[in-house]
2 protein chains.
Amino acid sequence: MAQPRARRSTAGASATSTAAKAHRELEPLRFEPVERDPAYTRVARAIEAKILARELRAGDALPPEMDLAQQFRVHRSTVREALRRLESAGLVKRPPGAKRMVVSRPAAAELASGMRHALVLHDVTFVEVWEAMMVIEPEVAALAAARRDQQDLQALTAVHEAFKSSPKGDPHAVEVVARFFELLGAAARNRVLVLAKQSLARVLAPSLARMIDKVPQARSRIADAQRRIIGAVHDKNAEEARRWMSKHVRDFKRGYELAGISPDTPVSVD
Amino acid sequence: MAQPRARRSTAGASATSTAAKAHRELEPLRFEPVERDPAYTRVARAIEAKILARELRAGDALPPEMDLAQQFRVHRSTVREALRRLESAGLVKRPPGAKRMVVSRPAAAELASGMRHALVLHDVTFVEVWEAMMVIEPEVAALAAARRDQQDLQALTAVHEAFKSSPKGDPHAVEVVARFFELLGAAARNRVLVLAKQSLARVLAPSLARMIDKVPQARSRIADAQRRIIGAVHDKNAEEARRWMSKHVRDFKRGYELAGISPDTPVSVD
DNA sequence: GTTGTCCTATTGTCCGACAATCCGACCGAG
DNA sequence: CTCGGTCGGATTGTCGGACAATAGGACAAC
C-alpha cells in the first residue's frame, strides 16, 4: 500500500517538473527525456556520494541492510541491489569471513579487470595495446630508475631470476613477465601510471605465451632486456632505463612478427 | 524447502572436497580458505563468462529474469543482484525506455568514472596526475598529428574557438579544456590510450578551475598552446605536436605554482 | 497511415520468512 | 584471571509469492 503510493508520487513529480521546465520554449518544442531511474540506482548513488564525500571512509562498516532500507524508505531487496552495484565498483566489499560490508577504495585489480573487459569486448588489437605500452613503459622505467629503493631492486631481481629459471615450455613464464612490469610500476611511485598500465601486460599475456613458444630466441632476449633494465634501474640511470625498456617493448612486436602473429589480432581473454 | 537443501549441499561439497584434497599433506597441513561465494556472485560470473566468450554479443537481449532464475535454479532476486553487478561493470545495460536488458561493451565513460573514484579515494595528488599526463599526452598529440583526418581538425578548432570565446569567469571553460584533450585522443586512433588518459583531464578539472581564476595569464597561455598544437596537428607534424603539448602540460604545473596551489593537493571530486 | 484499445510478458518493488553464521556476552575450568 | 566453550541476538543470503507499471505487439477504428 505505502509503496505503490511512493512509486507513483516520485514518478509523477519528476514528470511534471520536467514538463513544467520545458513548457515555455514554444519554437521547436524539444523535451529532454524524462529521467526515470529505478530506486536501486538512486540508493546506490546516494551511498556512493557519501563515500566520495568521505562521510563514509574506507574501513567503516556500512549500516545493516535493514537500517538502510528504513532510511531510504525502500525494501531491503532494493538496498541489496544497490549494494551489488557498489560492490562491483569496488566501493564496498565484504572482508572474507565478515558479515557487514565495509567501505573500501577500489583496488587496482578491479580497475584492471574492467579495463580488460573493455579492451577485449571492443576488439582492441595487439598493436593498439603495444603502442600504449611503447608510450607508457619507457617513461615508467625512467621514473623507476629515479625513485627505486633497495626493496624494489630486490623484488625485480627475484622476478628476473624466476623468469630465467622457468622451464622451457612453462606457461607460467608470461605471468612472471607481467609481474616484472608491475614491479617496475610500483618502483615508479606513481599510482596513476600504475593504474593506467596495469592491464596492458596482462591482456597481452595469452598471445605472448604463444609468441614465446614459437620464437626460440624470445626467452633469452626477454631475459637480456630485463637484465639491462634492472641494471639501469640499479644505477639510477633513467635515460638508460628508458632506452632499454623502449627496446624491450619494441622487441615484443618483432617477436610477434617472427611468430607470424598478425598485429591486428584482437587481444583475447585467458 | 528446496533452497536450504541446495545451499547446504553446495557449502558442504566445497568444504569436504577441499578437506579431502589437503588431507594427504601431513607436514605443515595448510588449508586454503574454503571458498564460499554467494550465489549472486556465481550467477554474475557465469553470465560474464558467456559475454566475454562472445556467446552473448553486444546488443543481444538477455533472457528474462525469470528464465535465468529457472536455469540457475535460483530465486529471481538473486538473479537481479547478479544483474546489478554486471550493470555496474558496464557489461549489460538497459537502453532508455526499453524493458529487457541488453549486453553491451563497457563504455569509456564507465571506466573513467571508476578510475576517478579510485584516484580520489586513494588521495592521489596533483603531481601524480600531472606526471601521468606528461607521459601520455605528448605522445597522444604526436599520434594525433600523424593520423588526424579533416573532421578531427574541425572538431578541435571548434573547441578551441569555444575556449577562446568563453567569458572571463566561466566555470564551463575547464570543461572545454577537457574536451580538447578528449578530441585529441580520438584523433590519435588508439583506444587503449584514450581509456588510459580519459579520466586525467577530468580529475584535474576542479582544481584547474581555481587555477584559471587565480592566474590571469592562464587563459591566454592555454589558448595559445591549443592554437600551436592544432597547427602542428594540421601540418601532420608529429614532432612539433609533441613538443607543444609537452610545453602545454608543463605550463599547467607552472600555473598551479603561480596560483599557490600545492602540488600535493589531492585531486577532488566535483 | 495514424490513433486508440487490449493483452501479455517482463520489470521494479514490495512483503514476509527462514537458515546460516558472525559477534559479543556470559560462564566454567584451569 | 585468562582461555576455551555456549548461547542468543543481529545480520546476511536466499527464497516464495505478490502486484503495479509499462514495453511491445496485435488488432480494430478513424
Side-chain angles (χ1 to χ4, degrees), chain A residues 1-15 33-47 60-88 92-102, chain B residues 1-16 33-46 60-88 92-102:
Chain A
M1 283 296 179
Q3 287 64 31
R5 184 166 11 101
R7 222 179 314 156
R8 243 195 315 275
S9 71
T10 55
S14 62
V34 45
E35 24 85 358
R36 182 170 33 114
D37 40 22
Y40 58 78
T41 301
R42 303 193 188 190
V43 171
R45 267 207 292 265
I47 300 177
D60 293 359
L62 281 183
E65 296 170 354
M66 200 49 111
D67 289 15
L68 291 173
Q70 281 170 342
Q71 290 187 33
F72 285 111
R73 305 285 187 69
V74 122
H75 193 260
R76 188 160 77 98
S77 312
T78 304
V79 170
R80 296 191 109 246
E81 293 190 35
L83 289 182
R84 292 306 147 280
R85 201 55 129 27
L86 300 176
E87 194 178 19
S88 145
V92 306
K93 71 175 192 191
R94 181 183 321 290
K99 178 140 284 192
R100 312 265 295 268
M101 292 267 226
V102 306
Chain B
M1 283 299 179
Q3 286 66 29
R5 187 168 5 103
R7 221 181 315 156
R8 243 197 313 272
S9 71
T10 55
S14 63
T16 51
V34 45
E35 25 84 1
R36 183 171 31 116
D37 39 23
Y40 58 78
T41 300
R42 303 192 188 192
V43 171
R45 267 207 292 265
D60 293 359
L62 281 184
E65 296 169 355
M66 199 50 113
D67 290 14
L68 290 173
Q70 281 170 342
Q71 291 186 34
F72 285 112
R73 306 286 186 71
V74 124
H75 194 259
R76 187 159 79 99
S77 311
T78 305
V79 170
R80 296 191 111 245
E81 293 190 33
L83 289 181
R84 293 308 144 263
R85 205 46 136 24
L86 299 176
E87 195 178 20
S88 144
V92 306
K93 70 175 190 189
R94 181 182 322 292
K99 177 140 284 189
R100 313 263 297 265
M101 291 270 222
V102 304

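Note that this is a predicted model, so its numbers are computed, not measured. Below, read A as the first sequence line, B as the second, and so on, with proteins coming before strands; counting in each chain starts at 1.
- Considering CE of A/Met101 and CG of A/Leu86, their distance stands at 8.0 Å, rounded to 0.5 Å.
- Between C/dC15 and A/Arg76, no contact under 4.0 Å exists linking OP1 or OP2 to a side-chain N or O.
- B/Leu83 places its CG atom 11 Å from the C1' atom of C/dT11, with the value rounded to the nearest Å.
- Atom CD of A/Glu81 and atom C1' of D/dT12 are 16 Å apart (whole Å).
- In terms of heavy atoms, B/Ala82 sits closest to B/Ala44 at CB-N, 3.6 Å.
- Regarding contacts with the backbone of C/dG12, a side-chain N or O of B/Arg94 is found under 4.0 angstrom from either OP1 or OP2.
- Under 4.0 angstrom from either OP1 or OP2 of D/dA23 there lies at least one side-chain N or O belonging to A/Arg36.
- An OP1 or OP2 oxygen of D/dG13 is reached within less than 4.0 angstrom by a side-chain nitrogen or oxygen of A/Arg84.
- Rounded to whole Å, the distance from NZ on A/Lys99 to P on D/dT14 is 12 Å.
- In terms of phosphate contacts, B/Tyr40 brings no side-chain nitrogen or oxygen within less than 4.0 Å of OP1 or OP2 of D/dT14.
- Atom pair A/Glu65:CD and C/dG16:P shows a separation of 17 Å (rounding to whole Å applied).
- Atom-to-atom, CE of B/Met101 to C1' of D/dT22 comes out at 16 Å; the value is rounded to the nearest Å.
- At whole-Å resolution of the value, NE2 in A/His75 and C1' in D/dG16 are 12 Å apart.
- Here the NE2 atom belonging to B/His75 is positioned 11.0 Å from the CZ atom belonging to B/Arg80, to the nearest 0.5 angstrom.
- The nearest heavy atom of DNA chain C to B/Pro64 and to A/Ala39 marks one nucleotide each, and the one closer to the 5' end goes with B/Pro64.
- In this entry the distance linking CE of B/Met66 with P of D/dC19 reads 14 Å, nearest Å.
- In summary, A/Glu87 and A/Arg84 engage in a salt bridge, as defined by a charged side-chain N under 4.0 Å from a carboxylate O.
- The side-chain heavy atoms of B/Arg85 and B/Thr41, taken from C-beta on, include a pair separated by under 4.5 Å.
- Note: CZ (B/Phe72) to C1' (D/dG16) measures 20 Å, nearest angstrom.
- In this structure, A/Ser77 does not reach the C/dC15 phosphate: none of its side-chain N or O atoms is under 4.0 Å from OP1 or OP2.
- Summary of the strand contacts: B/Asp37 and A/Arg100 both lie near DNA chain D, and taking for each the nucleotide with the nearest heavy atom, the more 5' one is attributed to A/Arg100.
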